K.L.:
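First, the structure itself, so that you have it in front of you.
Because only heavy atoms are used, hydrogens play no part in the values below, and waters and symmetry mates are left out as well, while side chains stay in. All figures in this text were calculated on a predicted structure; none of them were measured in a lab. Labels below follow one simple rule: chain letters A, B, ... track the order of the sequence lines, proteins then strands, and each chain is numbered from 1.
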Amino acid sequence: MKARLFLVPSILLALLCMSTAVSDATILIKKDLSQLAAEAELIVIAKVGNQSARYAKGTRVIFTYTDLTIERVLKGSSDKTMTVAEVGGKVGDITLHVESMPKFREGERVLLFIKKDTLGQQRVHGAIQGKFRVVHNFATHEDLVLFDKGLRYVTNNFFATKGDKSPTQVSLSEFQAKVLELVKKSPKKTAKKGGKK
Amino acid sequence: MKTLIALLCLGLIAPVFAAPNGGPKGEAKPLAHVIGLQQSGANIGPARFVGSTVTFVYNDAVNNLPAIPNVEAGSLVQSACTTAAQQWENVSAISFTDGGTVATQDSANDGINLVTFINSATNNAIVGSALAVSLVFFNGSLEIVDADIIFNSATSYTTLATTTRFDIQGVATHEFGHTFGLNHSAVASATMFPTTSAGATDARGISVDDVAGINGVYQTIPNFWSTGIVTGTITQSGSNVYGAHVVARSVVDGTIGAAAMSLPDGTYSISGLAPGPYQIYVEPLDGPVADSNIQSSFFTTGKNTTFQTTFLGGNATPTTIRVQAATVTANVDVSLAATAQTVNLVQIGDFPAGTGSFSVSASGFEKAPGDTTFVVVVGPSVDTFADNQFSMVGQGITFGPASTGSGTIGSNGFKIFPLTVASNAEPGPRDIVYDNGSEMAIYCGVIEITPNPAPSATSFTFGAGSAGTAGTPALSAVGSPTINNASFALNVSNGVNGETAFFYGAGQPDFLDLGNGVLQWVSIPKDDLFPAAGFNATISSGMATLPFPIPNLPSIAGFRIYLQAGLSDPGMAGGVSSTNCLVLIFQ
């Protein structure tokens, strides 16, 4: 068995792996950075403001609504402020708990991939996969984007280097540049040609 | 115990043997992996259903598949989901009722516990980019007042094990776990592990870790009285460590005995442990399960992942602790150095063919006793690591030692190792370990050994003996502990000629440090250690043999005893030396 295996060069084996691998879907359906960039309608860098929870209009499902102050828009267009909704939260005595939804803390800076949901609410696209924390390194005066170790698949293929195959952070400027590049590359939605209905 | 052995020797055995690990062979050992809900940084404990039964209903499209075209024709959706829920009912105090079908389509806090596959604005807004979502509404008393499960209407599902589709029963088992109050587990073979793959059906059957989790929320009296609890605090430079994965591994067979997560105050509590000896290790949530996988429940972020995998007592010589039934073993504290982990194992592949192509994923898989396969181990730079630094833990496992292939997948490296699971391998989750001498990475519980449906009589050893004048005595079986094997015997080696070997046995393993290097591995009172007569043999040529005929009693099939010998040895401090533990499983 060993001899047969060594007949398969490692590179070929790796290619075979990649071509036939079953998608390792999490409870979330996996999305990498290029998918997030292509599918999001809005990509922003923002500061988190107030949060409040209520039942979404026309439903008996609790959502938490988080106010954002927009610092920069990387895709789409937005007012200076906006609100994103996430399922879950507490209304009165009742708490709704749902796994894998992003949580926000007032005052934190975030880079978000956003898409409208079927209730017309602005949502973080891909749940926790579409939220990145932005922090400022006071020693280097550099803004950094932090990657979650459990979501390596989102970013690894875009920022891995020979020295660091699985970085846990990159500069905000590098991240922005990559996102803008991916947005540019992503297939454009062709507008339906106008015609009389 | 003296009586027990006497009965056995005399062929008068009654059903007094303790069942293996507290239950009949093949029954899952209880583990604990309950993560409490938190708000504002305070642990508020798990939410739970209160009352005699939990009733779920199904949207009526489950029996009208054209209405849910993402489900493969021929699938039996309702029965698959009910079977999934019954997995939890079968091992806990939960009483589940299939309430039939209803016209209700949307998830809502309406007092109706609903399973729905319907493509609607409300359901789609909730499920978003998930395969399925569980909604758990609970009140201030942590009582669940409504729970719903939404399957994504854009995902291809089946109950027919079609490899390109997601398995309804497996996903439902996971989601019902959430609705019953469980969070995600970092034990890779657990149903509550946060990832799955298309075609995977492993999650249909709940694992030992899941059993512990559900019993932590819905305790049964038999479970409480038959299992123990370990508690302690994880610290680093005097500060409490939040979010550390604390794992209890059985010294007996290497299976994962239990696991838990440390809370913001650094404390942890592992419940549902079968009595016996354990080693405790602490690992960072650095993937494949990480902060993001459980942050929703903790409501706070800030888990500490800046430490390396560390055993209680140190990685070189881990400390063994004693767990007793219905008892809390407290103050099992671990102090961590503030050194970041640099090695990690993040994916695994089951590669039976051993050549050609394979797939890998973060979640573990099952193997049965007698199976052979090749295991693909994936992680940063793994392809560059030495083969002899990889191992798989526990009794009945042959892993490697040499790899049969290596390469890279994306930014990770991989190595392929042969794996053979012995026909007598103990069921339960096993770790794969990378240890380079200065740092260790553990893929926790990544391969679960399933029970052998046709077990044979077997014996195996564990635990260290204490050195004597003639070396370290060893206890071994002579023959197979097959029912009606009149010639079966116990043998001790490395004794002092003319001295005596005393044999002891019990229905449970144990751990006691008796001093002078003597460790007791069987569960008997200390005062009974050296009986005056009956089960001893004189040592000659360094050996002693005790005839141990197995009675012709079919009722003892599947039961086990744990045996050890103490040897008189005037040359040693305390005048004794001791053997390893020998486990006999009768068939």
K.L.:
Can you find a heavy atom in the side chain of L112(A) that is under 4.5 Å from one in the side chain of L68(A)?
P.N.:
yes
K.L.:
Tell me whether D117(A) is salt-bridged to R123(A), with the criterion being a basic N under 4.0 Å from an acidic carboxylate O.
P.N.:
yes
K.L.:
Is it the backbone or the side chain of T164(B) that comes under 4.5 Å from a heavy atom of chain A, or both, or neither?
P.N.:
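The answer is neither part of T164(B).
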K.L.:
Under 4.5 Å from any heavy atom of chain A, what part of N123(B) do you find: side chain, backbone, both or neither?
P.N.:
neither
K.L.:
With a 4.5 angstrom heavy-atom cut-off, which part of D106(B) approaches chain A: side chain, backbone, both or neither?
P.N.:
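No part of it gets close to chain A.
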K.L.:
If you take all heavy atoms of N70(B) and N152(B), which pair is closest and at what distance?
P.N.:
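What the structure gives for the nearest pair is ND2-O, 3.1 Å.
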K.L.:
So which part of N124(B) gets closer than 4.5 Å to some heavy atom of chain A, the side chain, the backbone, both or neither?
P.N.:
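When you check distances to chain A, atoms from both the backbone and side chain of N124(B) fall under 4.5 Å.
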K.L.:
Identify which part of K116(A) has an atom lying under 4.5 Å from any heavy atom of chain B, answering side chain, backbone, both or neither.
P.N.:
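The answer is neither part of K116(A).
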K.L.:
What residue, out of D93(A), L119(A), V87(A), I62(A), has the most heavy-atom pairs lying under 4.5 Å from chain B?
P.N.:
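When all of D93(A), L119(A), V87(A), I62(A) are compared, D93(A) has the most.
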K.L.:
Any donor-acceptor pair under 3.5 Å linking the side-chain atoms of T64(A) with those of E86(A)?
P.N.:
no
K.L.:
Could E181(A) and K185(A) be called an ion pair, given the rule that one side-chain N must be under 4.0 Å from one carboxylate O?
P.N.:
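Salt bridge: yes.
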K.L.:
Please name the pair of heavy atoms, one in S171(A) and one in L144(A), separated by the smallest distance, quoted to 0.1 Å.
P.N.:
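It is CA-CD2, 4.0 Å.
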K.L.:
Heavy-atom cut-off 4.5 Å, strictly under: side chain, backbone, both or neither for V145(B) against chain A?
P.N.:
side chain
K.L.:
By a 4.5 Å heavy-atom criterion (distance strictly below it), what part of T122(B) contacts chain A: side chain, backbone, both, or neither?
P.N.:
both
